[in-house]
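Report on the following structure.
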Amino acid sequence: MNQISPRATYTIGKSMDVARYVRCIESSKRVRWDIADNIIQGWDFDTGQKYFPDGITKADQFTTLPADEKLYLSQIQGQAYANMFGLAERFVNAKVLEISRDHWLGDQTKLESLIRFCDKEIKHPEIFCQIKHMMGAQMASRHQFLADPNDVAREVLGNAHGRRRR
């Protein structure tokens with residue numbers, strides 16, 4: 001059975017609920033990573049190579065498409081994937097910080113857990129942004145992604161509250 005740290009005493013009578021947050025904090029303290037050193041180090045996007053396998057792109061099913069266009073389709077889809085995930089990751093921290101409001105003056109263990117989650121999560125949009133730029137450096141003249149991540153995040157978060165922001 002997992003032992004609950006003394007931090008759980010912030011919430012009396014809810015130790016099992018708090019235990020999940022405590023485990024999150026403990027994991028966060030053990031794992032520290034850097035984008036450049038641990039993720040993208042040595043990555044290169046060569047336009048002579050596929051960015052996505054055929055199983056994902058389904059390019060092999062385009063029987064009339066020449067090989068060079070199938071290769072380009074893979075690259076477009078790879079860049080689109082990085083852009084779409086970058087958009088999705090853009091609003092996660094904002095939402096978690098909004099949720100953390102319930103704990104600002106309450107359960108400090110839950111608050112710390114959510115803040116530590118944000119500390120890790122803040123790196124994800126940056127990873128996809130760097131990948132987007134690395135791919136874009138190779139493909140800029142041929143393919144662009146025009147959606148602004150902040151505009152998309154504002155729209156998603158606005159709709160999450162049942163209202164549209166303009």
Side-chain angles (χ1 to χ4, degrees), residues 20-21 23-62 65-104 109-166:
R20 293 181 303 151
Y21 289 91
R23 285 192 301 274
C24 178
I25 292 167
E26 290 167 352
S27 292
S28 173
K29 288 178 179 178
R30 283 191 308 272
V31 178
R32 192 81 187 138
W33 54 277
D34 179 75
I35 295 169
D37 293 340
N38 302 116
I39 305 295
I40 329 184
Q41 184 179 25
W43 280 18
D44 182 31
F45 291 98
D46 177 2
T47 55
Q49 301 292 319
K50 294 178 182 179
Y51 290 177
F52 259 21
D54 289 342
I56 294 174
T57 66
K58 305 296 184 192
D60 57 335
Q61 295 178 14
F62 292 95
L65 208 58
D68 64 327
E69 291 183 17
K70 288 180 184 181
L71 174 68
Y72 185 53
L73 176 62
S74 163
Q75 294 166 354
I76 290 172
Q77 287 181 327
Q79 190 176 25
Y81 177 89
N83 280 296
M84 293 303 292
F85 270 86
L87 289 178
E89 291 286 352
R90 185 69 182 105
F91 57 83
V92 171
N93 261 347
K95 186 64 180 173
V96 173
L97 288 171
E98 180 182 297
I99 291 167
S100 76
R101 175 178 294 222
D102 295 342
H103 308 293
W104 287 355
T109 301
K110 290 180 181 179
L111 178 62
E112 181 181 355
S113 175
L114 294 169
I115 290 170
R116 287 181 176 276
F117 173 85
C118 288
D119 177 55
K120 305 289 186 239
E121 181 63 30
I122 197 82
K123 296 174 187 178
H124 296 169
E126 179 61 24
I127 290 169
F128 288 110
C129 183
Q130 286 189 27
I131 290 170
K132 170 185 156 181
H133 289 296
M134 291 168 71
M135 288 179 178
Q138 303 297 323
M139 301 176 64
S141 64
R142 297 169 65 188
H143 179 251
Q144 294 180 23
F145 193 80
L146 301 177
D148 178 82
N150 290 326
D151 290 343
V152 172
R154 281 186 201 93
E155 189 68 22
V156 169
L157 292 170
N159 285 330
H161 296 290
R163 65 184 184 279
R164 296 181 68 93
R165 296 181 186 168
R166 297 270 173 198

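Keep in mind that what you see is a predicted model, and the values were worked out from it rather than measured. Start at 1 with the first residue, then count along the sequence. Hydrogens, waters and symmetry mates are skipped; everything else that's a heavy atom, side chains included, is used.
By the side-chain contact (heavy atoms from CB on, under 4.5 Å) test, Val96 pairs with Val92, Leu114, Phe117, Cys118, sequence neighbours left out. Partners of Asp119 by salt bridge (charged side-chain N to carboxylate O under 4.0 Å, His left out), not counting sequence neighbours, listed by chain and number: Arg32. When the salt bridge (charged side-chain N to carboxylate O under 4.0 Å, His left out) test is applied to Asp60, no partner is found at least two apart in sequence or on another chain. Remark: Phe45 pairs with Tyr51 by the ring pair (Phe, Tyr, Trp, His ring centres under 6.0 Å) rule, at least two apart or across chains. With sequence neighbours left out, the ring pair (Phe, Tyr, Trp, His ring centres under 6.0 Å) criterion links Tyr81 to Phe52, Phe85. Legend: residues meeting side chain to side chain donor-acceptor pair (under 3.5 Å) with Asp54, ordered by chain and number and at least two apart, are Lys50. Remark: Ile115 engages Leu111 in a side-chain contact (heavy atoms from CB on, under 4.5 Å) (not counting sequence neighbours). Not counting sequence neighbours, Lys70 has no partner by the side chain to side chain donor-acceptor pair (under 3.5 Å) test. Partners of Ala94 under the side-chain contact (heavy atoms from CB on, under 4.5 Å) rule, at least two apart in sequence or in another chain, are Leu157. Here Ser74 pairs with nothing under the side chain to side chain donor-acceptor pair (under 3.5 Å) rule; sequence neighbours left out. Remark: Arg116 engages Glu112 in a salt bridge (charged side-chain N to carboxylate O under 4.0 Å, His left out) (not counting sequence neighbours). Applying the side-chain contact (heavy atoms from CB on, under 4.5 Å) criterion to Asn150, with sequence neighbours excluded, gives Arg90, Asp148, Arg154.
Under a 4.0 Å N-O distance rule, the pair Glu98/Lys95 qualifies as a salt bridge.
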